[in-house]
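Naming convention: chains lettered A, B, ... in sequence-line order (proteins, then strands); numbering from 1 in each chain. We use all heavy atoms of the structure for the numbers below, so side chains are in, but hydrogens, waters and symmetry mates are not.
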Number of protein chains: 2
Amino acid sequence: MPSPPAAFRLTPQRGAVRDVVRQAQDHPTAREVYQRVRHRAPGIGFATVYRALNLLADHGQVLELQLGDEAVARYDGNVARHDHVVCNPCGAVADVSVELPAHVTIEATAASGFAVDAYELRFSGRCPSCSD
Amino acid sequence: MPSPPAAFRLTPQRGAVRDVVRQAQDHPTAREVYQRVRHRAPGIGFATVYRALNLLADHGQVLELQLGDEAVARYDGNVARHDHVVCNPCGAVADVSVELPAHVTIEATAASGFAVDAYELRFSGRCPSCSD
DNA sequence: GTCCCTGCAAAAGTTTTGCATTGCG
DNA sequence: CGCAATGCAAAACTTTTGCAGGGAC
């Protein structure tokens, strides 16, 4: 079972959190999601946002990421399999999608002994702004 | 300049930290490195370990990683370019090394606009113990 | 003597949890 | 009513930083 199929109640707060993450063009932290959600749901508390993010992530409706060297979780509303490019100087993150030859996963399985069923590629470099 | 060429003083404490990370078979957190280093350098403080890890990472003598969904940094003494396989159920991490075709990096550069100069592949699945 | 390093302790920032209240079923 | 969800506040952790003392050069 790749992800919990069980349903959950989509309360107004949870819906707002989900929408904020889906519409975000960047990869916001929990705190940033909280700040943005407050515009739609003024009385919402941080704990509600935090628990909603965990819930949504558990149900595959949102992705939880650890990017760069930062010690904070970031959220991604793009649920389709995709990869990331991180800018070393400024920390900017962009989505990209790279298809890997099937033999790569097979090799990884053979080399590690793990049953590999997914991958994520993380590129690093310099964003256009930092390349100038 | 990929990494700061400037030298730094390899004090006994820093040497002990470096050795602990290099000899670790797992990917210890700063706290774990601290606990292990205390066996060799009994009076050492956590701040010293923490600063040593950052210093070593800055000089490319150690790798700092964010693995899984955890919000803690882990350290890897394997400095050669390599990838990781994470076990979803238990969090175990294994090193693997996968050579990607050159065109992959080129594609990522074209698709993102970033000047991509490195990558890390993160596989996920189940380790042998969790597959039983 | 000067500068860097260490250790202790505290500050800052995130993540997580307890609990009383609220509200939908 | 019964139970899940919310909000507020407080823990529990990690990561960082300030400072005084000590050692290396």
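- Between A/T29 and A/R51, the one whose closest nucleotide on DNA chain C sits nearer the 5' end is A/T29.
- Of the side-chain N and O atoms in B/T11, one or more sit less than 4.0 angstrom from OP1 or OP2 of C/dT6.
- Mapped onto DNA chain C by nearest heavy atom, B/G43 and A/V72 fall at different nucleotides, with B/G43 at the one closer to the 5' end.
- D/dT6 atom C1' lies 16 Å from atom CZ of A/F8, rounded to whole Å.
- Going from atom CD of B/E64 over to atom C1' of D/dT15 covers 10 Å, rounded to whole Å.
- In this structure, the ring of A/F8 has its center less than 6.0 angstrom from the ring center of A/H59.
- Between A/T48 and D/dA5 there is no side-chain polar atom (N or O) within less than 4.0 angstrom of OP1 or OP2.
- Taking the side chain of B/A71 as heavy atoms from C-beta on, and the options C/dT15, D/dT15, D/dG7, the nearest nucleotide is C/dT15.
- Rounding to whole angstrom units, CG of residue A/N54 and P of D/dA5 are separated by 14 Å.
- Protein atom CD of A/Q13 is 17 Å distant from nucleotide atom P of D/dA4, rounded to whole Å.
- Taking 4.0 angstrom as the limit, A/R14 places a side-chain polar atom (N or O) nearer than this to OP1 or OP2 of D/dA5.
- Within the cation-pi definition used here (under 6.0 Å to the ring centroid, within 45° of the axis), B/R31 qualifies as a partner of B/F46.
- Between the P atom of C/dT14 and the CG atom of A/L53 lies a distance of 14 Å, rounded to the nearest Å.
- For a distance-only test at 3.5 Å, the side chain of A/R38 fails to qualify as a donor-acceptor partner of the base of D/dG7.
- C/dT15 atom P lies 10 Å from atom CD of A/E70, rounded to whole Å.
- A donor and an acceptor atom never sit less than 3.5 Å apart when one is taken from the side chain of A/R9 and the other from the base of C/dG25.
- Across the protein-nucleic acid pair, B/L10 atom CG and C/dC5 atom C1' stand 13 Å apart, rounded to whole Å.
- Side-chain contact between B/L100 and B/Y119: present, with at least one pair of heavy atoms (C-beta onward) separated by less than 4.5 Å.
- Across the protein-nucleic acid pair, A/D58 atom CG and D/dA5 atom P stand 13 Å apart, rounded to whole Å.
- We find that A/E32 and A/R74 are joined by a salt bridge, their nearest charged nitrogen and carboxylate oxygen being less than 4.0 Å apart.
- Here the side chains of B/R126 and B/N88 are not in contact, with every heavy-atom distance at 4.5 Å or above.
- For A/F46, counting side-chain heavy atoms from C-beta on, the closest listed nucleotide (C/dG7, D/dT15, C/dT15) is C/dT15.
- Contact annotation for A/R31: base contact, defined as any heavy-atom pair under 4.0 Å involving a base atom.
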